[in-house]
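Structure incoming, see below.
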Amino acid sequence: MAYPTVPFNQAQFSIDYINKYDLNEGMLFSLMRKNRTAIIIIGLATLFMISPLLLNHQALYGVDGPFQYSRIYEAAMQLKNHNFSFINLYSFQQAGRIVNSLYSPLVAVLCGALLLLVGNWFRFQIITLFIVYFLGGYLMYNAAQKLRLPRKLAIALGVIFLSSSAVYGFLFGIMWRSIAVSLLPIFIGPILDLYHGDWSLPSMLKLGIFVGILAQFQILTIGMFLPFLIPFFIHGIWQSKQKLSTSLNFLAGVLLALILSLNALIPMLEVYHGNTLIAPVGMNLMDHASRVLQPIYTSVYSSSDIVLTIIAYAMLTGLILFWSRLVSFTKLFVSVSLIYLILSTSFFPWDIVQNSMPFLQSFLQMPSRITLIVGPFLMLSAALIYHDTARSTKSVSLHQGLVATGVFLGVLSLSLCTQKVAQNVHSIMDPNTTLAQGIQTYPQNVHTKLTTIAQLQPEFHTRHIGKLIKAVDRTVPDYVPISKKQITRNWIGNITVHQQRGRNVLTIRYAPNHLTVLSKTISYIAWVIVLILVFLIKVPLTKKTAKMRTFWES
């Protein structure tokens, strides 16, 4: 088959050229060198963004800091003392909460091990921030390369993504969902496989592994993201000429994903099925819809939010103007992203939905979370629209303008986000900043002898890692066991028993059922097997197929 030529150096290559590219060591070295450039730039961008913390030797705690770091401290103490429990023993005021077993249990253990290794919270924060943001930026770059976007634009998209509202919550507020969202660009490869009908067993198992990885961070993110794959699944199965074999391969991938996710899914099903824990706080859905299409950023973490707004409107404009010039994959990809965008905003009738499905107030809580899920795909959608148009019109100026705009937005986003980090560091160093202001909550939710956030900083640098956790108690209603009989709780969730004359003993325990224990064991064994096979067989999870993606084909 003959493939059309395009006037850009970064354009798609023919199959024959790709085969030669894979066999030519010099060209492979050139490819590695290009990736090395991306690694250096994304790494420097990450260091630049967290430089205010490094230069001032200050750590941020944020709105979710007390909760997330308590989970990590719990995992560290259970590892250190070889005292493993289904309930939290060393954190959350020993109130009998079941947190670590339900919330990314495997990752919490890995983070706990890292904390013990590095010795204090400041080093732990810097290392985890670098890992999350460098990995997120590089995965976005890699996703853009899979879509055959220009290399400079792909790097710029990586920088935009790592400094965007989709993921910056982990920096400003230790928000765990930002880590899960930072991994979403890895699904571009499986999306292409589904769309183009590459439903081979390795491709479907790769999809299963990726879903299993995401499950280790946050189940809610999986629940919101998986519907994104449905249109590409439908297209692929419709185009397939071997529907039975491809369906079996897909089911194998689904089964692998379930097995790898058992350690996170089964404990949650057990606990919530028995109504053991109080449900998360319910929120008014319409009040928490996304404002991505309403560029008024007066109460956000960073003004870099405006960049995502610019990209969203650029996508909408390009979609209207250039629909006829887009290839079929781009049309579908952009359409699905647009649906997600609309769902996250007040354009969607959330009041009606809330009245008919009130459980969403506790489960979803904030429709703006959908914007976080679609954030990386919005960026890629906008780039694809203008790249397709430049290719179809053979417009060098449009191509150059696209790259220049991407670089400009990357510099703008990184600059705005880094300045906000510097402002936050300045605020926590200010002796007039209260502790409640420092962890972004109301004073009535904070219980401590400290008065300012600056007084908390020494606890980030000591090797006594428990001091940070015990220095501040923050009221967190989630994961609290439901009280019965003669048990009551005080303002931080501690259990109180109505004492009687004589010796009073309170024993807190939770015995998970045998299915839960077995499921967790199977999941961890499966992970070990998968890692060993990936290492031994050396099957890269981002494998390149000989058949190149040609987006101008229907």
Side-chain angles (χ1 to χ4, degrees), residues 3-13 34 38 41 137 140-164 166 184-185 188 191-192 195 228 232 292-293 295 304-342 371 374-414 548-554:
Y3 289 85
T5 58
V6 255
F8 309 137
N9 292 331
Q10 298 88 353
Q12 293 91 341
F13 306 102
K34 289 183 178 181
I41 293 175
M140 174 59 92
Y141 159 78
N142 190 59
Q145 288 281 275
K146 286 181 178 295
L147 295 172
R148 306 297 168 229
L149 293 172
R151 185 171 61 92
K152 291 181 181 179
L153 178 60
I155 296 174
L157 288 172
V159 174
I160 294 172
F161 182 56
L162 69 87
S163 55
S164 71
L184 289 180
I188 289 298
I191 285 173
L192 289 169
Y195 178 85
F228 193 95
F232 306 97
V292 65
L293 298 179
S304 62
D305 285 25
I306 193 66
V307 174
L308 187 59
T309 297
I310 294 171
I311 291 174
Y313 277 107
M315 184 196 75
L316 290 170
T317 303
L319 191 63
I320 295 170
L321 293 178
F322 307 122
W323 174 264
S324 62
R325 297 189 178 277
L326 306 182
V327 298
S328 57
F329 173 82
T330 301
K331 289 180 179 179
L332 181 59
F333 188 77
V334 174
S335 297
V336 178
S337 300
L338 180 59
I339 291 172
Y340 264 66
L341 178 64
I342 293 173
T371 301
V374 78
F377 306 118
L378 280 180
M379 299 173 193
L380 293 170
S381 293
L384 276 176
I385 289 173
Y386 291 96
H387 180 64
D388 278 5
T389 305
R391 178 196 51 77
S392 64
T393 59
K394 299 183 179 180
S395 173
V396 176
S397 60
L398 180 55
H399 170 264
Q400 293 174 340
L402 173 61
V403 174
T405 301
V407 173
F408 167 76
L409 291 178
V411 173
L412 177 63
S413 182
L414 181 63
M548 290 300 296
R549 310 303 183 196
T550 53
F551 296 137
W552 52 80
E553 289 186 297
S554 298

| said: Please give me the minimum heavy-atom distance between Leu378 and Leu308, naming the atom from each residue. | reply: CD1-CD1, 4.4 Å

Contacts under 3.5 angstrom, residues 314-323 side chains, donor-acceptor by atom type, not counting sequence neighbours:
residue: Thr317; atom: OG1; partner: Tyr313; partner atom: O; Å: 2.8

| message | What verdict does the side chain to side chain contact (heavy atoms under 4.5 Å, CB included) test give for Gln145 and Leu149, after you've listed the backbone C-alpha separation in whole Å, the side-chain angles of each residue and the deciding distance to 0.1 Å? | response | CA-CA 6 Å; Gln145 288 281 275; Leu149 293 172; 5.8 Å; no

| To the nearest 0.5 Å, what is the distance between CD1 (Ile306) and CG (Leu412)? | 9.0 Å

| task | Of all the heavy-atom pairs spanning Ala312 and Leu341, show the shortest one and how long it is. | result |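 Between these two residues, the closest heavy atoms are CB-CD2, 4.4 Å.
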
| message | So Ile339 and Val374, do their side chains get closer than 4.5 Å, heavy atoms only? | response | no

| message | Under the criterion side chain to side chain contact (heavy atoms under 4.5 Å, CB included), I'd like the reasoning laid out for Leu293 against Thr309: C-alpha separation, chi angles, the key distance, then a yes or no. | response | CA-CA 6 Å; Leu293 298 179; Thr309 297; 5.8 Å; no

| Worked verdict on Tyr141 versus Phe161 for side chain to side chain contact (heavy atoms under 4.5 Å, CB included) | CA-CA 9 Å; Tyr141 159 78; Phe161 182 56; over 6 Å; no

| said: Please report the interatomic distance CD1(Ile385) to OG1(Thr330), rounded to the nearest 0.5 Å. | reply: 8.0 Å

| said: Going by the rule side chain to side chain donor-acceptor pair (under 3.5 Å), which residues pair with Ser397 if we only count those two or more places apart in sequence or in a different chain? | reply: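 Testing Ser397 for side chain to side chain donor-acceptor pair (under 3.5 Å), a comparison that skips the adjacent residues, returns Ser395.
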
| message | Tell me which pairs pass side chain to side chain donor-acceptor pair (under 3.5 Å) where either residue lies in residues 401-411, with sequence neighbours left out. | response | none

| task | Scan side-chain atoms only and decide if Ser163 and Ser304 contain a donor-acceptor pair under the 3.5 Å cut-off. | result |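 Note: Ser163 and Ser304 side chains miss the donor-acceptor criterion.
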
| request: Taking all heavy atoms of Gly410 and all of Ile160, pick out the closest pair and write down the distance. | output: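 Looks like CA-CG1, 3.4 Å.
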
| request: Mind listing the closest non-hydrogen atom pair of Pro150 and His399 along with its distance? | output: CG-NE2, 3.5 Å

| task | Please name all residues satisfying side chain to side chain contact (heavy atoms under 4.5 Å, CB included) with Leu402, sequence neighbours left out, ordered by chain then number. | result |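 For Leu402 the side chain to side chain contact (heavy atoms under 4.5 Å, CB included) partners, ignoring immediate neighbours, are Leu153, Tyr386, His387.
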
| task | Specify the closest pair of heavy atoms between Leu162 and Gly137, including all atoms of both residues, with the distance to one decimal. | result |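 The answer is CD2-CA, 4.1 Å.
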
| query | Which residues pass the side chain to side chain contact (heavy atoms under 4.5 Å, CB included) test with Ile342, sequence neighbours left out? | reply | Leu338, Phe347

| task | Supply the atom-to-atom distance Leu326 CG to Ser324 OG, rounded to the nearest 0.5 angstrom. | result |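 Leu326 atom CG to Ser324 atom OG measures 7.5 Å (nearest 0.5 Å).
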
| Approximate separation, where rounding is to 0.5 Å, of Ser337 OG and Leu332 CG | 9.0 Å

| said: Looking at every heavy atom in both Ile188 and Ala143, which two are closest together, and how far apart are they? | reply: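 Of all heavy-atom pairs spanning Ile188 and Ala143, the closest is CG1-CB, 3.5 Å.
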
| Does Phe377 have its ring centroid less than 6.0 Å away from the ring centroid of Tyr340? | no

| task | Evaluate the ring planes of Phe333 and Phe228, with Trp represented by its six-membered ring, and classify them as parallel (under 30°), tilted (30 to 60°) or perpendicular (over 60°). | result |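 Geometry flag for Phe228 against Phe333: perpendicular rings.
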
| message | Arg391 vs Val327, test: side chain to side chain contact (heavy atoms under 4.5 Å, CB included). Steps then yes/no. | response | CA-CA 10 Å; Arg391 178 196 51 77; Val327 298; 3.4 Å; yes

| task | Kindly indicate whether the side chain of Leu192, heavy atoms from C-beta on, has any atom under 4.5 Å from the side chain of Phe232. | result | no

| task | Only counting residues at least two apart or in another chain, list the ones meeting side chain to side chain donor-acceptor pair (under 3.5 Å) with Ser164. | result | none

